[in-house]
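Beneath this line is the structure, given in structure tokens, with notes to follow.
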Amino acid sequence: MNEPARKRGRPRVLDRDVGLDIAARLFWERGYEGTSTADLTKAMGINPPTLYSMYGSKEELYRQALYFSIARETSRRMEILQSDLPAYEALSRYLYDIADGDTQPDKPPGCMVSTAALQHAEENAAVARITAALREASVQTLKTRFDRAVEEDELPPTTDTDTLARFYGAIIQGMSAQACDGACNALLKRLIDVALTAWPGRRGT
């Protein structure tokens with residue numbers, strides 16, 4: 001007697017967060033425009049219809065992957081800035097943590113946000129606006145901490161906290177670019193040491 005044919009099992013379903021992690025790494029390595037839908041589906045082990053049903057579109061997948069990626073770093077760094085540490089020490093730890101993140105040996109160099117989509121085709125303007133908004137949010141986070149430092153007499157009352165935040169934001173973006181060009185962790189931290197000499201307020205408790 002012939003045995004009944006075995007039913008095929010369902011294909012393995014990609015876990016949503018696993019897919020976001022894979023996509024984030026690919027976008028981080030190649031940039032938005034340098035990553036094709038074919039690249040994504042191959043790396044994630046799914047077909048295009050599955051990608052679109054799970055994430056909506058390449059643009060929407062990028063947005064989700066971006067937020068998924070930075071969420072792991074943001075909470076720790078926000079704790080540093082919002083802690084009771086003196087502002088100068090909090091800023092130092094914040095910047096050194098970013099330097100560590102830019103030079104992780106098991107991940108692409110630089111930061112997915114700091115240097116993402118700076119130059120882009122017109123049809124990808126919406127993607128560029130996403131990353132620009134995240135960079136601006138980072139600047140405003142620093143400004144909020146510096147405003148507090150003014151209130152707590154750690155910075156002079158006349159301090160232009162917006163410009164100071166943008167200065168250190170530029171340092172953060174520059175570190176990402178240099179890490180992408182091969183700068184090591186020690187070199188980035190020496191850069192931070194120089195940047196910290198521009199701090200216009202108290203440096204101790």
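We use all heavy atoms of the structure for the numbers below, so side chains are in, but hydrogens, waters and symmetry mates are not. Count residues from 1 along the sequence.
- Side-chain atoms of Ser69 never come within 3.5 Å of backbone atoms of Ala65 as a donor-acceptor pair (strictly under, hydrogens ignored).
- We find that Asp21 and Arg25 are not joined by a salt bridge, their nearest charged nitrogen and carboxylate oxygen being 4.0 Å or further apart.
- Checked by atom type, the side-chain pair Ser176/Asp102 shows no donor-acceptor distance below 3.5 Å.
- Listed for the Thr35 side chain is a donor-acceptor partner under 3.5 Å among the backbone atoms of Gly31.
- The heavy-atom pair separating Asp84 from Arg148 by the smallest distance is CA-NH2, 3.9 Å.
- Under the 4.5 Å side-chain heavy-atom criterion for Ile, Leu, Val, Met, Phe, Trp and Tyr, Tyr168 and Val150 are members of the same hydrophobic cluster.
- By the criterion of side-chain heavy atoms lying less than 4.5 angstrom apart, applied directly or through intervening Ile, Leu, Val, Met, Phe, Trp or Tyr residues, Leu134 is not grouped with Met175; the two fall into different hydrophobic clusters.
- Arg16 places a side-chain N or O within donor-acceptor distance of the main-chain N or O of Met54, the cut-off being under 3.5 Å.
- Using a distance-only test at 3.5 Å, with no hydrogens or angles considered, a donor-acceptor pair links the side chain of Glu154 to the main chain of Ala87.
- Electrostatic pairing of Asp162 and Arg166 counts as a salt bridge here, judged by a charged N lying under 4.0 Å from a carboxylate O.
- Nearest heavy-atom pair, Ala99 versus Lys189, reported as atom, atom and distance to 0.1 Å: CB-CG, 4.2 Å.
- One N or O on the side chain of Thr144 and one on the backbone of Gln140 form a donor-acceptor pair closer than 3.5 Å.
- Residues Asp15 and Tyr55 come closest through the heavy atom pair O-OH, 4.2 Å.
- A continuous path of hydrophobic side-chain contacts links Ile172 to Phe167 [ILVMFWY only; heavy atoms under 4.5 Å].
- Both Leu66 and Leu40 are members of a single hydrophobic cluster when ILVMFWY side chains are connected at heavy-atom separations under 4.5 Å.
- Residues Trp199 and Phe146 place their aromatic rings such that the two centres sit under 6.0 Å apart.
- Salt bridge status for Glu60 with Arg63: present, with a side-chain N to carboxylate O gap under 4.0 Å.
- For the pair Lys58 and Tyr52, the cation does not sit on the ring face, since its NZ or CZ is not both under 6.0 Å from the ring centre and inside 45° of the axis.
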